[in-house]
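Hydrogens, waters and symmetry mates play no part in the numbers below; they use all other heavy atoms, side chains included.
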Amino acid sequence: QVQLVESGGGLVQAGGSLRLACAASGRTVSTLVMAWFRQAPGKEREFVAAINWSGSSTSYVDSVKGRFTISRDNAKNTVYLQMNSLKPEDTAVYYCAASRGLGISRSTLLYEYWGQGTQVTVSS
């Protein structure tokens with residue numbers, strides 16, 4: 001089993017920055033594909049970013065490209081999401097997810113493990 005715990009959410013003004021962290025525990029965490037999803041009120045959960053086990057490959061939803069950066073530190077079993085130039089439309093609960101799959105996926109269905117989520121609120 002894998003346990004995921006997110007931290008770093010909060011309230012920030014538009015244009016500001018936040019850094020989310022996802023601490024993972026369990027076996028073979030360093031071999032997992034890790035991702036961030038988000039869910040705004042009344043909307044479906046959507047893919048934000050993902051990173052492969054080595055960190056050599058990443059993927060982002062178009063709306064965050066150039067503003068968000070996903071990274072991982074396998075020695076610390078932690079994945080990060082650096083969020084810059086935040087916009088009110090980035091407001092959502094952000095979830096960390098892990099997959100035992102071989103490659104990056106944007107589908108929630110392919111991620112077996114999920115954190116409890118952390119709230120990000122961007123004020124205008």
Side-chain angles (χ1 to χ4, degrees):
Q1 287 294 328
V2 175
Q3 293 78 42
L4 304 174
V5 179
E6 302 99 333
S7 62
L11 174 63
V12 64
Q13 289 188 335
S17 298
L18 283 174
R19 188 193 196 200
L20 304 183
C22 173
S25 61
R27 297 191 304 171
T28 64
V29 171
S30 62
T31 65
L32 299 175
V33 171
M34 302 296 294
W36 289 94
F37 289 77
R38 65 186 180 187
Q39 188 167 18
K43 295 188 177 182
E44 293 187 352
R45 191 170 298 188
E46 68 165 349
F47 171 82
V48 176
I51 187 167
N52 71 341
W53 72 273
S54 67
S56 62
S57 180
T58 59
S59 179
Y60 298 90
V61 67
D62 286 347
S63 60
V64 308
K65 283 182 180 177
R67 300 189 298 122
F68 291 11
T69 301
I70 188 171
S71 61
R72 67 190 297 162
D73 184 339
N74 286 338
K76 296 182 178 180
N77 288 337
T78 302
V79 176
Y80 304 96
L81 185 68
Q82 178 67 43
M83 305 186 295
N84 299 328
S85 302
L86 283 162
K87 305 175 180 179
E89 51 263 43
D90 294 319
T91 295
V93 177
Y94 283 70
Y95 296 92
C96 178
S99 170
R100 294 176 293 178
L102 295 178
I104 288 175
S105 171
R106 298 189 174 204
S107 171
T108 58
L109 298 177
L110 297 183
Y111 287 85
E112 298 94 337
Y113 308 105
W114 293 84
Q116 81 289 349
T118 186
Q119 177 71 46
V120 172
T121 303
V122 185
S123 63
S124 57

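Scanning all heavy atoms of the two residues, the minimum distance from Val120 to Met83 falls at CG2-CE, 3.9 Å. Residues Ala24 and Leu4 approach most closely at CB-CD2, 3.6 Å, considering heavy atoms. Between Arg72 and Asn52, the closest heavy-atom pair is NH1-O, 2.8 Å. Contact between Tyr113 and Gln1 at its shortest, heavy atoms only, is CE2-OE1, 3.7 Å. Between Ser99 and Glu112, the shortest heavy-atom distance links the atoms CA-OE1, 3.1 Å. The minimum heavy-atom distance between Ser56 and Ser54, with the atom names listed, is OG-OG, 2.8 Å.
Contact check for Leu32 versus Arg100: side-chain heavy atoms found under the 4.5 Å cut-off. A heavy-atom distance below 4.5 Å is found between the side chains of Tyr95 and Arg45. Counting only heavy atoms from C-beta outward, the side chains of Val79 and Trp36 approach each other to under 4.5 Å.
Checking side-chain atoms of Tyr60 against main-chain N and O of Ile70 turns up a donor-acceptor pair under 3.5 Å. For the pair Asn74 (side chain) and Asn77 (backbone), a donor-acceptor distance under 3.5 Å is absent. Of the possible polar contacts, none joining the Arg106 side chain to the Ala50 backbone as a donor-acceptor pair under 3.5 Å is found.
Between Asp62 and Lys65, at least one side-chain nitrogen of the basic residue sits less than 4.0 Å from a carboxylate oxygen of the acidic one, meeting the salt-bridge criterion.
The cluster map of Ile, Leu, Val, Met, Phe, Trp and Tyr, joined by side-chain heavy atoms under 4.5 Å apart, puts Trp53 and Ile104 in different clusters. Using a 4.5 Å cut-off between side-chain heavy atoms of Ile, Leu, Val, Met, Phe, Trp and Tyr, with links allowed through other members, Val2 and Tyr94 fall into the same hydrophobic cluster. Residues Val33 and Ile51 are members of one and the same hydrophobic cluster, defined by side-chain heavy-atom contacts under 4.5 angstrom among Ile, Leu, Val, Met, Phe, Trp and Tyr. In this structure, Leu110 is not a member of the same hydrophobic cluster as Val61, with clusters built from ILVMFWY side-chain heavy atoms closer than 4.5 Å.
Each side chain to side chain donor-acceptor pair (under 3.5 Å) pair with one or both residues in residues 11-21, not counting sequence neighbours, appears once here: Ser17-Asn84. Among pairs with a residue in residues 70-106, those fulfilling disulfide (SG to SG under 2.5 Å) read Cys22-Cys96, at least two apart in sequence or across chains.
For the atom pair NZ of Lys87 and OG of Ser63, the computed distance is 8.0 Å after rounding to the nearest 0.5 Å. Atom CZ in Phe68 sits 8.0 Å away from atom CG in Leu20 (nearest 0.5 Å). Taking CD from Glu44 and CD from Gln39, the interatomic distance works out to 8.5 Å, rounded to the nearest 0.5 Å. Atom OG in Ser71 sits 11.5 Å away from atom CE in Met34 (nearest 0.5 Å).
Between Tyr111 and Phe37, the two ring planes are perpendicular [angle over 60°; tilted spans 30° to 60°].
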Please test Thr108 against Glu46 for side chain to side chain contact (heavy atoms under 4.5 Å, CB included), starting from the C-alpha separation and ending with a verdict. CA-CA 8 Å; Thr108 58; Glu46 68 165 349; over 6 Å; no
